[in-house]
Amino acid sequence: MVALNNEKNRFGHEEILLKKIICIFFSVIASIVFWSHPALAKENNIINAYNPFADSLQQISVNTQKINNLKTKAAELKLLYQQAFKKYEQLKDRLKNLYAEFKILQNQPNKIAYLKKEIKDLDNKIKKINSKSVIFKSQNKTTTRALYRMAKTFYNDKNYNKAIKYFNAFMRKYKNKTNKLYSHALLYKSESYYIIKSYDKGIVNFNKFILDYPKSKFIPEAILKEGLCFLDIGDKSDGRYLLEKLIKDYPKSVEDRPARMYLNKTKQ
């Protein structure tokens, strides 16, 4: 009988415990629904008013946001500082260089006057070039003689690449090869190629001049320069042949002496 009573008491306790667990479970579910439902937001705020930690939690949230904002601003300020420091270093180096230049100029008082003169000369050259450019552009239809004058101007100014360009333009447009202007253009172009060390083209053009104008007074000069072009490209055989031809055919020419000198150098 006592054992039976004990058994009943045990089942009674277990039943009570099970009921408590069920009540707790449903309470949790109800709380989740209550706090997450939008319609109950107002109720939620009322309950938070009675929460003793609500103000502290809100303050912590605000402080966290402020800290994040301060971190962002700190990063931006760091970047600005780095950029400013870099600029400062550049200006510092420039100032150092300027000071060094100033010291040099201070020790060389004539340097300033020289630089001023150099700047003035450069300015005059630029104006001269600009004036030529205006003249060239103003000519809607450039005449053949104008092309020759342009080429000759560039040649005299030692701008040989430009000279070659305009001599070629002149020779394409000016078909009268018997005119001395054409022969002069060919000779100047050949000389330009020789000066800029374009020896292959120099050989072709000097040889053309020799063949086209065999009676020209400039033939000895053309033979000499063609021979030197051959020597400069390492062709001693053709170079010697032309120098020997010059000495043989034009012994009284001005070019005879340099031809003998260059010929002797090839035999050393």
Side-chain angles (χ1 to χ4, degrees), residues 121-122 124-126 128-129 131-133 135-136 139 142-268:
D121 290 342
L122 287 172
N124 289 334
K125 286 181 181 179
I126 291 169
K128 185 178 178 182
I129 291 169
S131 65
K132 288 178 183 178
S133 176
I135 293 170
F136 296 163
Q139 296 173 343
T142 309
T143 64
T144 51
R145 288 185 178 274
L147 285 171
Y148 181 85
R149 285 195 298 271
M150 292 178 197
K152 190 64 167 55
T153 300
F154 284 122
Y155 180 86
N156 292 336
D157 289 341
K158 298 182 179 181
N159 190 343
Y160 299 110
N161 287 306
K162 281 276 190 182
I164 291 168
K165 178 182 175 182
Y166 279 94
F167 279 129
N168 282 331
F170 164 77
M171 292 168 73
R172 282 194 300 269
K173 201 167 186 178
Y174 197 70
K175 303 299 182 182
N176 187 5
K177 294 184 179 182
T178 60
N179 190 287
K180 68 176 184 178
L181 215 59
Y182 191 96
S183 65
H184 287 176
L186 179 57
L187 187 62
Y188 281 125
K189 186 177 78 164
S190 305
E191 183 73 19
S192 298
Y193 279 126
Y194 175 74
I195 292 170
I196 65 174
K197 299 181 179 181
S198 185
Y199 300 120
D200 290 335
K201 292 181 179 179
I203 290 169
V204 171
N205 284 274
F206 280 123
N207 189 60
K208 180 175 174 58
F209 180 85
I210 293 167
L211 294 175
D212 289 351
Y213 306 100
K215 295 182 180 180
S216 170
K217 64 179 180 179
F218 299 110
I219 287 294
E221 180 184 352
I223 294 173
L224 175 64
K225 291 294 174 64
E226 185 182 2
L228 294 179
C229 285
F230 274 113
L231 293 178
D232 284 323
I233 64 173
D235 188 345
K236 290 187 177 181
S237 176
D238 287 328
R240 285 198 200 100
Y241 168 78
L242 286 168
L243 294 176
E244 288 169 353
K245 177 178 173 61
L246 171 60
I247 293 167
K248 180 184 175 181
D249 295 347
Y250 302 93
K252 295 182 180 181
S253 66
V254 176
E255 289 76 18
D256 177 78
R257 185 175 178 180
R260 292 178 185 276
M261 181 186 71
Y262 286 114
L263 188 61
N264 289 333
K265 284 184 178 181
T266 63
K267 295 177 181 179
Q268 293 176 357

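Side-chain atoms of Lys197 and Asp232, non-hydrogen and from C-beta on, never get closer than 4.5 Å to each other. The shortest distance between side-chain heavy atoms of Phe206 and Leu187 falls below 4.5 Å. Using a 4.5 Å cut-off on side-chain heavy atoms (C-beta onward), Ile233 and Ile203 make contact. You'll find the side chain of Leu263 reaches within 4.5 Å of the side chain of Lys267, heavy atoms only. Looking at Tyr148 and Tyr188, their side chains come closer than 4.5 Å, going by heavy atoms from C-beta outward. Here the side chains of Glu255 and Ile223 are not in contact, with every heavy-atom distance at 4.5 Å or above.
Note: Leu242 CG to Lys245 NZ = 8.0 Å, rounded to the nearest 0.5 Å. Note that OH of Tyr194 is 12.0 Å distant from OH of Tyr160, once rounded to the nearest 0.5 Å. Summarising the geometry, atom CD1 belonging to Ile196 is positioned 15.0 Å from atom NZ belonging to Lys158; distances are rounded to the nearest 0.5 Å. Atom CG of Leu228 is separated from atom OH of Tyr199 by 9.0 Å, given to the nearest 0.5 angstrom. A distance of 13.5 Å separates OG1 in Thr144 from CZ in Arg172, rounded to the nearest 0.5 Å. Note that CD of Glu226 is 4.5 Å distant from CG of Asn207, once rounded to the nearest 0.5 Å.
For the pair Pro258 and Leu224, the tightest heavy-atom approach, listed with the atom from each and the gap, is CG-CD2, 4.2 Å. Heavy atoms only, all atoms of each residue included: Ile210 and Ala222 are closest at CG1-CB, 3.8 Å. Minimum heavy-atom separation, Ile219 to Tyr213: CD1-O, 2.9 Å. Nearest heavy atoms, Tyr155 versus Ile195: OH-CD1, 4.4 Å. The shortest non-hydrogen separation linking Ser183 to Phe209 is O-CE1, 3.5 Å. Closest approach of Ile164 to Ser192, counting heavy atoms only: CG1-CB, 3.6 Å.
Looking at Asn156 and Lys152, their side chains do bring a donor and an acceptor atom within 3.5 Å of each other. Between the side chains of Tyr193 and Asn205, not a single donor N or O lies within less than 3.5 Å of an accepting N or O.
Between the Asn264 side chain and the Arg260 main chain, a donor and an acceptor come within less than 3.5 Å of each other. Side-chain N or O atoms of Ser253 include one that pairs as donor or acceptor with a backbone N or O of Tyr250 at under 3.5 Å. Not one N or O on the side chain of Asp157 forms a donor-acceptor pair closer than 3.5 Å with the backbone of Asn159.
By the side chain to side chain donor-acceptor pair (under 3.5 Å) test, Glu191 pairs with Lys225, sequence neighbours left out. With sequence neighbours left out, Asp235 forms a side chain to side chain donor-acceptor pair (under 3.5 Å) with no residue at all.
Relative ring orientation between Tyr182 and Phe170 is described as tilted, the plane-to-plane angle lying within the 30° to 60° band.
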Which is it for Phe230 and Tyr241 under the side-chain contact (heavy atoms from CB on, under 4.5 Å) test, yes or no, and what are the steps along the way?
CA-CA 10 Å; Phe230 274 113; Tyr241 168 78; over 6 Å; no
